[in-house]
Amino acid sequence: MSVAHPVALAIENSRLVERMIEEARRREEIEAENEARAKELEEARQLQLSMLPKKLPNLPQLDLAAYMKTASEVGGDYYDFHTSEDGTLTIAVGDATGHGLKAGTLVSSVKSLFVSLADHSDIPHIFTHMSRVLKEMKLRGLFMAMTMVKIKGHHLCVSIAGMPPVLIYRAMTGEVEEIAMRALPLGGVTKYQYQQQTLTLAADDVVVL
């Protein structure tokens, strides 16, 4: 008994030390994985931010402001501008389903589509083409809700795909007008009939997307 007890204690201590070493090694592995994931997410966040406009369009009849703050390192939020040769300003504001790298991939695709299609005068045509391409990418349940407007002079054309209403503050009356359209987000259906509405803006009216 005088020999067995110390031997048993030594064996137990040895096993305890082995478990501690294993747990420490596992913690190091987890920390390394988290560090690599954080670096990957930061790179994806920087990529997403790089796709946003570096400066706002400078047009004589408009004052423009834009702001975005994501809920995580990589979100599905997106906005963009395009000015055509005839002076038409196209603005897109979008929100991809979910967060993370998949949402960032969807935003990258939408950015490319916007750059190539923004010159087209008909917003429903742009939405239909975007929706078809996104669906063909088979992103497994990822969709892009989007509001797009075209402004030329005092005329505003607007189309909405799964986004909240556009708000227009009418300076002359002090009232807020809601422009709402029930429509599916992009990427779900290939042949969906998106609607477009044309309005007239007056001096000092404010449009919120």
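If you're wondering where the values come from, they're calculated on a predicted model, not measured in any experiment. Throughout, residue positions are numbered sequentially from 1 according to the sequence presented.
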When you measure from the side chain of [X] to the backbone of [Y], do you find a donor-acceptor pair of N or O atoms at a distance under 3.5 Å?
X	Y	result
Ser84	Asp119	no
Tyr169	Asp204	no
Lys135	Gly188	yes
Lys150	Asp122	no

Legend entry - Candidates Glu178, Glu175, Glu177 - the one meeting salt bridge (Lys or Arg N to Asp or Glu O under 4.0 Å) with Arg170: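 Only one option passes, and that is Glu177.
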Inset, instruction - Measure up the His125 and His129 rings against each other and bin them: parallel (under 30°), tilted (30 to 60°), perpendicular (over 60°). - result: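 His125 vs His129 ring planes: parallel.
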Please check if [X] and [Y] belong to a single hydrophobic cluster, counting links between Ile, Leu, Val, Met, Phe, Trp and Tyr side chain heavy atoms closer than 4.5 Å.
X	Y	answer
Phe81	Val115	no
Leu56	Met68	yes
Tyr192	Phe143	no
Val110	Met137	yes
Val107	Phe127	yes

Legend entry - Salt-bridge contact Arg15-Glu18 (side-chain N to carboxylate O under 4.0 Å):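 No salt bridge links Arg15 with Glu18.
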Side-chain donor-acceptor pairs of residues 154-167 under 3.5 Å, sequence neighbours excluded:
unit_1, atom_1, unit_2, atom_2, d
His154, ND1, Leu201, O, 3.3
Ser159, OG, Gln195, O, 2.5

Legend entry - Exceeds 12 heavy-atom contacts within 6.0 angstrom, atom CD of Glu136: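 Enclosed: over 12 neighbouring heavy atoms sit under 6.0 Å from CD of Glu136.
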Inset, instruction - Decide if atom CG of Asp86 counts as having more than 12 heavy atoms of other residues, nucleotides or ligands within a radius under 6.0 Å. - result: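 Above 12, so yes.
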Inset, instruction - Kindly indicate, with the supporting measurements, whether the criterion salt bridge (Lys or Arg N to Asp or Glu O under 4.0 Å) is fulfilled by Glu22 and Arg25. - result: CA-CA 5 Å; Glu22 178 63 26; Arg25 187 178 66 183; 2.5 Å; yes
